[in-house]
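Because the structure is a prediction, the values reported are computed rather than measured.
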Amino acid sequence: MCRTLAELDASVADCFACPRLVAWRELVAREKRAAFRDETYWGRPVPGFGPPDARLLIIGLAPAAHGGNRTGRMFTGDRSGDVLYAAMHAVGLANQPTSVRRGDGLELLGARVTAPVHCAPPDNKPAPDERDRCRGWLDIELGLLAPTVRSVVVLGAFGWQAALPALAEAGWVVPRPRPKFGHGVHLTLAPAVDGRAELELFGCYHVSQQNTFTGRLTPAMLEQVLAEAATAAGLHPRRPR
């Protein structure tokens with residue numbers, strides 16, 4: 001059992017539980033994209049990123065093949081990360097608006113970023129059994145963050161489906177029937193375990209290129225959700241645009 005987030009992150013990075021995902025992440029790391037042919041790809045599961053006492057947790061989908069799978073850090077080195085971290089910086093949750101590689105100076109302020117699937121999946125589509133198998137890591141992560149986390153933002157319907165049972169496992173009451181995902185959805189989850197505080201849960205469209213390029217999710221929309229979630233977590237964010 002992982003006793004700290006550092007132990008959890010190390011264990012996640014050594015996971016080989018899903019044969020299809022292992023084969024894909026390693027194939028991508030060998031073949032590479034032409035633009036990154038001189039780089040050494042991470043090619044392993046990508047752990048969460050952020051301080052161990054985070055008050056706000058952002059849950060995505062899975063690492064991108066040539067983003068997190070290349071750089072070894074969530075939402076780093078791809079356009080989805082460009083959008084997310086620019087918005088986090090705009091509301092005061094990151095010290096800089098860019099995320100290029102590990103060691104680039106990026107620090108998250110009171111927030112942590114994770115995913116329900118830690119390996120890059122083919123076509124960005126994990127199978128349901130892969131999602132369910134990997135969810136155990138999210139269960140542990142939420143349990144370790146429980147003393148401090150007060151707000152969760154879930155990016156996209158896939159992450160929402162994975163997050164709700166994990167939140168229930170970690171000690172919060174999830175309504176039944178389970179609430180549907182939607183952009184701007186906000187729920188307050190009561191504690192089911194002694195010592196837990198209430199948790200504010202927010203839904204937000206995913207920062208995929210399909211959403212951001214079409215305008216389904218604009219920077220202003222993302223910043224609004226992040227600012228509301230940060231306020232709920234007691235982080236005193238900057239006012240969004």
For [X], give me all partners under side-chain hydrogen bond (donor to acceptor under 3.5 Å, both in side chains), at least two apart in sequence or on another chain.
{"X": "D132", "value": "none"}
{"X": "R150", "value": "none"}
{"X": "S80", "value": "none"}

Original post:
Is it the case that more than 12 heavy atoms not belonging to Q96 sit under 6.0 Å from its CD atom?
Top reply: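 Check passes, neighbour count above 12.
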Subject >> Results of salt bridge (charged side-chain N to carboxylate O under 4.0 Å, His left out) for E7 - residues two or more places apart only >> reply: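 Counting only residues at least two positions away or on another chain, E7 forms a salt bridge (charged side-chain N to carboxylate O under 4.0 Å, His left out) with R3.
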Subject >> Residue list, salt bridge (charged side-chain N to carboxylate O under 4.0 Å, His left out) with R79, at least two apart or on another chain >> reply: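 R79 satisfies salt bridge (charged side-chain N to carboxylate O under 4.0 Å, His left out) with no other residue.
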Applying side-chain contact (heavy atoms from CB on, under 4.5 Å), can you list everything that pairs with [X], at least two apart in sequence or on another chain?
{"X": "R178", "answer": "L164, P165, V174, R176"}
{"X": "A229", "answer": "L56, S151, V153, F202"}
{"X": "A162", "answer": "P116, R131"}

Original post:
Which pairs, with at least one residue in residues 154-179 and sequence neighbours excluded, count as a ring pair (Phe, Tyr, Trp, His ring centres under 6.0 Å)?
Top reply: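 Matches after skipping sequence neighbours: W160-F181.
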Subject >> Pairs where residues 53-73 contributes a residue and the test ring pair (Phe, Tyr, Trp, His ring centres under 6.0 Å) is met, not counting sequence neighbours >> reply: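 Non-adjacent pairs meeting ring pair (Phe, Tyr, Trp, His ring centres under 6.0 Å): Y41-H66.
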Hydrophobic cluster membership, with links at side-chain heavy-atom distances under 4.5 Å among I/L/V/M/F/W/Y: are [X] and [Y] in one?
{"X": "V83", "Y": "F49", "result": "yes"}
{"X": "L108", "Y": "L145", "result": "yes"}
{"X": "W24", "Y": "F36", "result": "yes"}

Subject >> Intermediate values then yes/no, side-chain contact (heavy atoms from CB on, under 4.5 Å), M74 and H118 >> reply: CA-CA 9 Å; M74 283 287 174; H118 287 273; 3.6 Å; yes
**OP:** Assess whether salt bridge (charged side-chain N to carboxylate O under 4.0 Å, His left out) is satisfied between R112 and D9, documenting all intermediate values.
**Re:** CA-CA 12 Å; R112 181 174 169 89; D9 292 345; 2.8 Å; yes
**OP:** For H183, enumerate each residue passing the ring-ring contact (aromatic ring centres under 6.0 Å, His included) test, keeping only those at least two apart in sequence or located in another chain.
**Re:**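 H183: ring-ring contact (aromatic ring centres under 6.0 Å, His included) contacts with Y205.
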Subject >> Donor-acceptor contact below 3.5 Å, side chain N211 vs main chain L217 >> reply: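 No.
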**OP:** Would you confirm whether T148, through its side chain, and A54, through its main-chain N or O, come within 3.5 Å as a donor-acceptor pair?
**Re:**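 Confirmed, T148 side chain pairs with A54 backbone.
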Subject >> Residues clustering with V22 (ILVMFWY side chains joined when closer than 4.5 Å, directly or via others) >> reply: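 Listed partners: F16.
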Original post:
Would a 4.5 Å heavy-atom cut-off, applied to side chains only, mark M88 and L226 as touching?
Top reply: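 Yes. Closest side-chain heavy atoms under 4.5 Å.
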Original post:
With side chains defined as the heavy atoms from C-beta onward, is the minimum distance between R102 and T76 less than 4.5 Å?
Top reply: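 Side chain of R102 against side chain of T76, heavy atoms only: no contact under 4.5 Å found.
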**OP:** Show the numbers, then the answer: is there a side-chain contact (heavy atoms from CB on, under 4.5 Å) between L201 and V154?
**Re:** CA-CA 8 Å; L201 177 63; V154 182; 3.8 Å; yes
Original post:
What's the spacing between K32 NZ and R70 CZ if we round to 0.5 Å?
Top reply: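 CZ of R70 is found 11.0 Å from NZ of K32.
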